[in-house]
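Everything below concerns the one structure shown next.
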2 protein chains.
Amino acid sequence: MKEITIYDIAERLKISAATVSRGLKDDPLVNHKTKKLIVDAAEEMGYRSNSMASNLRNKKSNIIGVIVPRLNSNFMSDVIAGIEKVVNDANYNLFISQSLETMKKETSNAKAMFNNRVEGLLVSLAYDTADIEHFEPFIKRKVPVVFFDRVFEHPACPQIYIDNYKAAREVTNHLIDQGCKRIVHITANLLRSVYSERFNGYKKALEEHQLEFDDNLLIVNDLSSQAGIAAAEQILKMPVLPDGVFVANDLCAISCIQTLKKHGVKIPQDIAFAGFNNDPTTCVVEPNLTTINYKGYEMGEAAAKLMVAHLNNYDVKQMHSVVLRSELIVRESSLRKKN
Amino acid sequence: MKEITIYDIAERLKISAATVSRGLKDDPLVNHKTKKLIVDAAEEMGYRSNSMASNLRNKKSNIIGVIVPRLNSNFMSDVIAGIEKVVNDANYNLFISQSLETMKKETSNAKAMFNNRVEGLLVSLAYDTADIEHFEPFIKRKVPVVFFDRVFEHPACPQIYIDNYKAAREVTNHLIDQGCKRIVHITANLLRSVYSERFNGYKKALEEHQLEFDDNLLIVNDLSSQAGIAAAEQILKMPVLPDGVFVANDLCAISCIQTLKKHGVKIPQDIAFAGFNNDPTTCVVEPNLTTINYKGYEMGEAAAKLMVAHLNNYDVKQMHSVVLRSELIVRESSLRKKN
DNA sequence: GATGTTTTTACAATCGATTGTAAAATTCAT
DNA sequence: ATGAATTTTACAATCGATTGTAAAAACATC
């Protein structure tokens with residue numbers, strides 16, 4: 001099964017390969033009639049362009065790399081779906097890899113991407129990534145690196161995220177509104193800006209209502225389902241039970257709720273709950289979970305669009321960060337007052 | 001920022017590019033000492049191999065393509081995660097695209113994959129794919145096509161799936177065991193073997209217990225959350241309420257349960273429920289949903305491993321299909337007898 | 001028909017790594 | 001030291017598409 005090349009077409013038509021190459025891509029240097037002959041012959045002979053040869057010649061790989069902590073989370077698969085759509089429509093190809101939440105794998109993935117000469121890199125950082133040295137090779141070579149969700153501040157790297165500070169403040173305000181005075185905050189590594197921002201929003205809301213921040217009410221874990229159970233146990237052991245809990249993601253919030261329920265705690269009467277992400281599960285758990293909604297799909301789209309714009313040299317160099325909309329969705333888990 | 005090539009290294013060391021090329025890949029034709037010189041120089045000069053050049057020369061793309069119905073489902077993101085791991089470890093790269101459940105997009109994705117010269121294709125078919133004409137170009141060129149989950153029988157294409165027939169039969173048997181006599185089956189396009197097999201398993205179990213299959217108890221939809229609500233309404237309108245429901249996925253089962261609950265139906269006392277997939281949500285819904293567990297991650301791994309084996313010409317040509325383990329997980333939603 | 005314009009096509013080098021083969025360098029035996 | 005055997009290295013062609021430039025063909029003008 002021999003591959004057809006432009007040389008084969010050239011030979012068949014008794015013209016030069018250069019003309020074939022130009023003819024196939026609508027170059028004005030080629031006569032209409034010849035063009036048609038070329039395209040027809042290509043079709044008939046089953047020609048397909050060899051992207052490796054063309055990439056080599058053009059010094060372009062046509063590949064956009066993606067590194068995310070995990071592929072199998074609700075949020076992330078939405079993001080990937082959004083990225084895929086935009087990138088495919090722009091005729092780029094996607095290389096996807098996961099860091100499994102470790103900086104080590106993130107680094108090795110980045111190196112692989114680098115060696116594969118991706119033309120751009122979309123990144124959401126791992127849980128323990130402390131610096132972004134490993135992206136320097138890209139930045140040095142002016143390969144655009146765009147961060148999304150779990151971002152990192154760097155002058156050369158655009159960011160896509162939501163206003164975590166504002167959202168967290170809104171959530172906390174809502175809980176306070178509902179009469180909560182002792183609000184536990186469960187979150188993850190405060191090195192990640194998403195979590196530190198949420199934490200700051202939480203503190204700000206407390207402050208605005210003259211509630212003092214209590215160190216004992218802060219629980220830092222990895223926000224896994226497992227961690228939610230442990231957090232619940234920690235809460236049950238508190239000398240005074242809190243009356244509200246704001247968890248930085250839904251997964252952990254839900255397992256925490258379920259554990260507390262098993263111990264007879266009434267949600268929201270005893271403890272009001274709020275999560276973050278609006279996972280589908282939030283509408284299944286009883287009571288339904290109050291949360292922050294922000295669409296992963298749109299974040300993926302936005303990040304990919306920004307990347308494509310950069311690669312096409314559209315005028316976006318001045319766009320350093322894009323803040324996406326997010327909204328508080330109030331459900332039963334936090335409703336203690338009847339309106 | 002000029003890229004370093006083997007020619008640059010050759011010049012620096014005053015040897016030929018051929019030797020550099022060989023030295024970098026441990027060819028026995030190159031002296032130990034020279035090898036070290038080459039590797040050191042490459043390291044120092046910041047050399048990175050140009051995969052496009054090497055792919056062109058080797059006529060290999062190093063790319064494995066993946067086409068799935070949707071990226072953003074629990075099951076599928078697990079699968080992708082499994083595939084990613086295996087493929088990355090084997091030093092291949094992944095091109096991922098989604099058909100969005102339409103044969104049309106599946107076809108165009110396949111064409112794109114073909115033009116990008118993927119070396120292998122992993123496919124889970126779209127909802128309405130009726131034939132696999134669009135994969136013929138791959139098969140003709142001996143590019144391995146491996147189907148997983150939503151498979152299609154073709155002598156040249158290995159398949160990875162679970163025994164849907166057996167699993168469905170087991171689920172149905174369990175419901176019958178719990179005293180159900182009128183069991184509704186909610187499923188999707190019976191063209192897809194996953195669904196027809198489940199349907200057959202369901203019928204088989206009925207037959208084994210001398211229960212007659214009733215056409216009115218079969219509901220075919222797209223198994224979406226929306227469809228679950230509609231199905232619940234349809235059930236409520238039935239002249240005689242069923243006493244059991246077996247849904248071909250969890251998503252639809254859960255929305256159906258929730259709708260029925262809203263109408264005062266008691267689960268499992270009035271109607272026992274079972275789903276399929278073991279989504280995380282099954283442990284959140286009340287009552288927890290009985291379901292079939294099979295790990296997407298492992299399916300992804302298995303499919304990718306089989307692909308890599310084929311590409312490496314390991315002795316797997318005779319492995320036409322791989323059936324993965326699945327298990328019934330009994331939870332409250334179907335437990336009417338106390339053990 | 002000679003000259004000038006414009007359109008169309010061909011030549012040849014290039015992108016960087018790979019590999020069969022020939023040539024050179026080294027080692028060894030005598 | 002000489003020739004044979006072996007190790008090490010270099011030459012050159014190849015993979016297929018691209019593109020600047022030169023050459024050829026077609027056409028128009030006087």
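So that the names make sense, note that chain A is the first sequence line, chain B the second, and so on, each numbered from 1.
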Under 4.0 Å, counting only non-hydrogen atoms across every strand here, what does B:Lys14 touch: a base, just sugar-phosphate, or nothing? sugar-phosphate
Heavy atoms of B:Arg150 and B:Leu125 approach each other most closely as NH1-O, 2.7 Å
Find the distance B:Lys33:NZ to D:dT9:C1' and express it as a whole number of Å. 16 Å
Nearest-Å distance for atom pair CD/C1', residues B:Glu11 and D:dT9: 17 Å
Please find out if less than 6.0 Å separates the ring center of B:Tyr294 from that of B:Phe75. yes
With under 30° as parallel and over 60° as perpendicular, where do the rings of B:Phe95 and A:Phe95 fit, or are they tilted in between? tilted
Strictly by modelled atom types, are B:Ser51 and B:Ser54 linked by a side-chain donor-acceptor pair under 3.5 Å? no
Report yes if some heavy atom in the side chain of A:Asn55 is under 4.5 Å from a heavy atom in the side chain of A:Asn62; otherwise report no. yes
Sugar-phosphate means primed atoms, P, OP1 and OP2; the rest is base. With that split, encode nucleotides 11-21 of chain C 5' to 3' as B, S or - using protein heavy atoms under 4.0 Å. B-BBBBBBBBB
Bend angle of the helix from C:dG1-D:dC30 to C:dT30-D:dA1, end axes from five pairs each (to 10°): 50°
So does B:Glu3 pair up with A:Arg141, basic N to acidic O under 4.0 Å? yes
Salt bridge check, B:Asp89 against B:Lys85: does any charged N sit closer than 4.0 Å to a carboxylate O? yes
Who pairs with B:Asn72 by side chain to side chain contact (heavy atoms under 4.5 Å, CB included), at least two apart in sequence or on another chain? A:Ser77, A:Asp78, A:Ala81, B:Arg70, B:Gln98
